[in-house]
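For reference, the structure is listed below as structure tokens.
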Amino acid sequence: MPYSFFEQAIYLLIFILPAYVANSAPVLLGGKFAIDMGAYAPDKQRWLGEGKTWTGLFGGFFAGMLASVLEAHLLPGTQFDIFGSQPQLYLAVGALTCAGALFGDLAGSFAKRRLGIASGAPSILDQLTFLFGALLFCLPLNLSIIFKPSSLVFLVCFTYAIHKGANYFAHIAGIKKVPW
Ligand code: CTP
Ligand code: MG
């Protein structure tokens, strides 16, 4: 029986949740030891900038993996189990999507600096590069539920909206200086 839109949306959110956690945890856990060590590229901009740090990278990966471990413990056997007879996929997919999200975020900052956009200034790259990184890294797993047009459209639209909303609330709550 084909999935309803609602079921498909829930499955996709379960799939992408660890990457969301990995992408947002650095705001709380990061901020120390710039990955580019303060170095400047030939275009006289930082390679990545002060907003991309080792504490954010490792904190983000750790937090994202924690979300995967929780999913692997809580979901098998329930109606929300997206990997059926292969519960180890929660951890494999979690590791790949978290690493991919963090890598995509770094690639986004690299691109922002090359475009002359200051660290912390808003760009569409903030919302989407981490998602594309997460998807790219799990391409080898050939997950049929993810790599179809309707799923990709949903993930892009939902991620854009939730990222905007979450940053706005993080700003109101005093966790982020800027509302983006
Ligand atoms: N952060 C971090 N390490 C990372 C990613 C994020 O320490 N790898 C922390 C930084 O304190 C950063 C904050 O989380 O300022 C918000 O992250 P993000 O919005 O991704 O970075 P920006 O500061 O906006 O920098 P950029 O313009 O390069 O995206
Ligand atoms: Mg930002």
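Indexing begins at 1, ligand by ligand and atom by atom, following the structure's order.
Of all protein heavy atoms, the one lying nearest to atom 19 (O) of ligand 1 is Lys176 NZ, 3.5 Å. When hydrogens are left out, the protein atom nearest atom 20 (O) of ligand 1 is Lys52 NZ, 2.7 Å; that is the closest non-hydrogen contact.
A donor-acceptor contact under 3.5 angstrom links the side chains of His163 and Asn167, judged on distance only. Using modelled atom types and a 3.5 Å distance limit, the side chains of Ser123 and Lys112 yield no donor-acceptor pair. Using modelled atom types, one finds no donor on one side chain facing an acceptor on the other under 3.5 Å when comparing Gln127 with Thr159.
Closer than 4.0 Å to atom 17 (O) of ligand 1 lies none of the heavy atoms of the protein.
Not a single heavy atom of Glu50 sits under 4.0 Å from any atom of ligand 1. Within the structure, the closest approach of Arg113 to ligand 1 falls below 4.0 Å when heavy atoms are considered. Distances from ligand 1 to the non-hydrogen atoms of Gly49 include no value under 4.0 Å.
Between Gly31 and ligand 1, an N or O atom pair is found at a separation short of 3.5 Å. The shortest N/O to N/O separation between Gly51 and ligand 1 falls below 3.5 Å. Any N or O atom pair closer than 3.5 Å counts here, and Gly120 shares at least one such pair with ligand 1. In terms of polar-atom proximity, Lys112 is counted as a contact of ligand 1, with an N or O under 3.5 Å from an N or O of the ligand. For ligand 1, the polar-atom distance check finds no N/O of Thr55 at less than 3.5 Å from any of the ligand's N/O atoms.
Ring geometry, Trp47 versus Phe110: the interplanar angle falls under 30°, so the pair is classed parallel (tilted spans 30 to 60°).
Which parts of ligand 1 touch Ser119 is read off a 4.0 Å heavy-atom cut-off, strictly below it: atoms 27 (O).
Taking the charged nitrogens against the carboxylate oxygens, Lys52 and Asp36 have no contact shorter than 4.0 Å, which rules out a salt bridge.
In this structure the side chain of Leu131 reaches within 4.5 angstrom of the side chain of Leu135, judged on heavy atoms.
Atom 3 (N) of ligand 1 has its nearest heavy-atom neighbour, among Thr53, Asn167, Asp126, Ile117, in Thr53. Of the listed residues (Gly30, Ala22, Pro26, Ala118), the one carrying the non-hydrogen atom nearest atom 9 (C) of ligand 1 is Pro26.
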